[in-house]
There are 2 protein chains.
Amino acid sequence: MATKQFTGSSDEADLRRADSLAREIFSDVANKWALLIIEVLGERTLRFSELRNEVEGISHKMLTQNLRMLERNGLAERKVYPTVPPRVEYTLTEPGRALRAMVDLICDWTHQHFGHIEGARRRFDA
Amino acid sequence: MATKQFTGSSDEADLRRADSLAREIFSDVANKWALLIIEVLGERTLRFSELRNEVEGISHKMLTQNLRMLERNGLAERKVYPTVPPRVEYTLTEPGRALRAMVDLICDWTHQHFGHIEGARRRFDA
DNA sequence: CAGAATCCGCGTGGATACTG
DNA sequence: CAGTATCCACGCGGATTCTG
């Protein structure tokens, strides 16, 4: 990381802005529901109601809320078909898919270290 | 993996158990503070008070709470030195470090898609 | 210094009802 | 079917206090 010294103060300000934005994005994205949605959205396009079924245990409200957030950050795309009844489909954008690759890695990680974690828990809970 | 089910579908039951545990781990780990702690813990060993300083904005309570969680899941190790005043050090375990690699990736991702996200936000907020 | 415990406000998130 | 709005309980998480 290029850490410019006190020379150009505008660079410094930019870095601070970038940093704070980064933390913001991180807070948005580093939450259970968002990651689960991204995971099930996968490569496919899904409707609202399908997502609701796939993301086990999510409430109507949390789903819309997180979908808005993903849309706002350009991670998912919302496509409305003006039919009746309405049909709305969600797809991951390229950045969304890139992020999903990492969620996949975390899932893999979970399964790889399963035994370790289960053991650690048993030991700790005693 | 004991719990044999007399129906013969013990594998199925095991899978369900594994799945629910996986979701549990995921919920534990997929939260802002936990990931930030893992990130700053990095390869180094840090004391409680050092962590408190490094993890910008975390409260005393959240720090202990998350550290307990990490310890319970065997992602961080807690080492107490019986001196006075007490000295407690935290280190990532191997699974913890593996997870950290992914958090790093997410950080990279954040910076890579910075522009895209900022633009998407501006567009959305209009 | 590390952390357990208590108090408590505020926001998260669920349930429900209503619109297009 | 998708989405917004309202109500409200409960639990998160901050501040503070007290030990070893």
Side-chain angles (χ1 to χ4, degrees), chain A residues 23-41 44-73 75-92 124-126, chain B residues 23-41 44-73 75-92 124-126:
Chain A
R23 261 184 248 115
E24 218 180 306
I25 296 170
F26 196 81
S27 298
D28 271 3
V29 145
N31 95 61
K32 183 181 147 189
W33 291 131
L35 293 181
L36 283 176
I37 291 173
I38 289 174
E39 178 63 17
V40 308
L41 213 42
R44 296 185 301 160
T45 292
L46 288 177
R47 304 182 54 173
F48 184 87
S49 49
E50 292 171 330
L51 274 167
R52 185 138 170 54
N53 291 331
E54 299 274 342
V55 182
E56 150 97 30
I58 196 170
S59 72
H60 191 113
K61 189 181 179 180
M62 281 301 96
L63 183 53
T64 30
Q65 206 165 97
N66 280 278
L67 283 174
R68 286 295 156 278
M69 183 276 284
L70 292 177
E71 190 191 356
R72 180 171 122 88
N73 288 323
L75 306 188
E77 205 177 346
R78 181 166 175 268
K79 216 173 201 165
V80 185
Y81 297 89
T83 61
V84 44
R87 175 187 190 86
V88 182
E89 292 183 344
Y90 293 89
T91 323
L92 288 187
F124 186 92
D125 293 344
Chain B
R23 261 185 248 115
E24 216 180 307
I25 296 170
F26 197 80
S27 298
D28 271 3
V29 145
N31 95 60
K32 184 180 147 189
W33 290 132
L35 292 182
L36 283 176
I37 290 172
I38 288 174
E39 177 63 17
V40 307
L41 249 187
R44 296 185 302 159
T45 293
L46 288 178
R47 304 182 54 173
F48 183 86
S49 48
E50 291 171 331
L51 275 167
R52 185 137 169 55
N53 292 330
E54 299 275 343
V55 182
E56 151 96 31
I58 197 170
S59 72
H60 191 110
K61 189 182 179 179
M62 282 301 98
L63 183 54
T64 29
Q65 207 164 95
N66 279 278
L67 283 174
R68 285 296 154 278
M69 183 276 282
L70 292 177
E71 190 191 355
R72 181 171 120 88
N73 288 321
L75 306 188
E77 205 178 347
R78 181 165 175 271
K79 215 172 201 167
V80 184
Y81 296 90
T83 61
V84 45
R87 175 188 190 85
V88 182
E89 291 183 345
Y90 293 90
T91 323
L92 289 187
F124 185 93
D125 292 344

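Here is how names work: the chains are called A, B, and so on, in the same order as the sequence lines, proteins then strands, and each is numbered from 1.
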Enquirer: Whole Å only: how far is the CG atom of B:Leu63 from the P atom of C:dA2?
Expert: 10 Å
Enquirer: Quick check on C:dC1: is either OP1 or OP2 less than 4.0 Å from any side-chain nitrogen or oxygen of B:Arg47?
Expert: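 B:Arg47 to C:dC1 OP1/OP2: no side-chain N or O under 4.0 Å.
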Enquirer: For C:dA4, take OP1 and OP2 only and decide whether either is under 4.0 Å from a side-chain N or O of B:Thr64.
Expert: no
Enquirer: For B:Arg87 and C:dA2, is the shortest distance between a side-chain N/O and OP1 or OP2 below 4.0 Å?
Expert: no
Enquirer: Distance check needed: C:dG3 P versus B:Leu70 CG, whole Å only.
Expert: 13 Å
Enquirer: Describe the nucleic acid contact of B:Tyr90 in one word from base, sugar-phosphate, nothing, applying a heavy-atom distance below 4.0 Å.
Expert: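 If one applies the 4.0 Å heavy-atom cut-off, B:Tyr90 turns out to touch the sugar-phosphate alone, with no base involved.
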Enquirer: State, yes or no, whether a side-chain contact exists between A:Phe48 and A:His60 at a heavy-atom distance under 4.5 Å.
Expert: yes
Enquirer: Send over the distance from A:Phe48 CZ to C:dG20 P, rounded to a whole Å.
Expert: 18 Å
Enquirer: Can you check the A:Met69 CE to C:dT12 P distance for me, whole Å?
Expert: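 Taking CE of A:Met69 and P of C:dT12, I get 13 Å after rounding.
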Enquirer: Does B:Glu89 CD have over 12 foreign heavy atoms under 6.0 Å away?
Expert: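 Counting other residues, nucleotides and ligands, CD of B:Glu89 exceeds 12 neighbours.
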Enquirer: Taking the nucleotide of DNA chain D with the closest heavy atom to each, which residue, A:Glu50 or B:His60, is nearer the 5' end?
Expert: A:Glu50
Enquirer: How long is the straight-line distance from CE of B:Met69 back to CH2 of B:Trp33, given to the nearest 0.5 Å?
Expert: 13.0 Å
Enquirer: For A:Lys61 and for A:Leu67, find the nucleotide of DNA chain D with the closest heavy atom, then tell me which residue's nucleotide is more 5'.
Expert: A:Leu67
Enquirer: What is the separation between atom CE on B:Met62 and atom C1' on D:dA15, rounded to the nearest whole Å?
Expert: 12 Å
Enquirer: Rounded to whole Å, how long is the line connecting atom CG of B:Asn31 with atom P of C:dT12?
Expert: 15 Å
Enquirer: Once you round it to whole Å, what is the distance between C1' of C:dA2 and CG of B:Asn66?
Expert: 16 Å
Enquirer: Between B:Leu46 (CG) and C:dA2 (C1'), how many Å, whole number?
Expert: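 Rounding to the nearest Å, CG of B:Leu46 and C1' of C:dA2 are 15 Å apart.
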Enquirer: Checking contacts here: which listed nucleotide (D:dA2, C:dG13, C:dG3) is nearest the side-chain heavy atoms of B:Val88?
Expert: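 Comparing D:dA2, C:dG13, C:dG3 against the side chain of B:Val88, the answer is C:dG3.
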Enquirer: Between B:Asn53 and B:Ser49 (side chain of the first, backbone of the second, donor and acceptor by atom type, cut-off under 3.5 Å), is there such a pair?
Expert: yes
Enquirer: How would you label the contact of B:Arg68 with the nucleic acid (heavy atoms, under 4.0 Å): base, sugar-phosphate, or nothing?
Expert: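 It contacts sugar-phosphate atoms only.
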Enquirer: Would you say B:Glu50 and B:Arg44 make side-chain contact, with heavy atoms under 4.5 Å?
Expert: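 A side-chain contact is absent here, since even the closest heavy-atom pair is not under 4.5 Å.
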Enquirer: When we call it a touch if two heavy atoms are under 4.0 Å apart, what does B:Arg78 touch: a base, just sugar-phosphate, or nothing?
Expert: sugar-phosphate
Enquirer: Tell me which nucleotide among C:dG3, C:dG14, D:dG3 gets nearest to the side chain of A:Trp33.
Expert: C:dG14
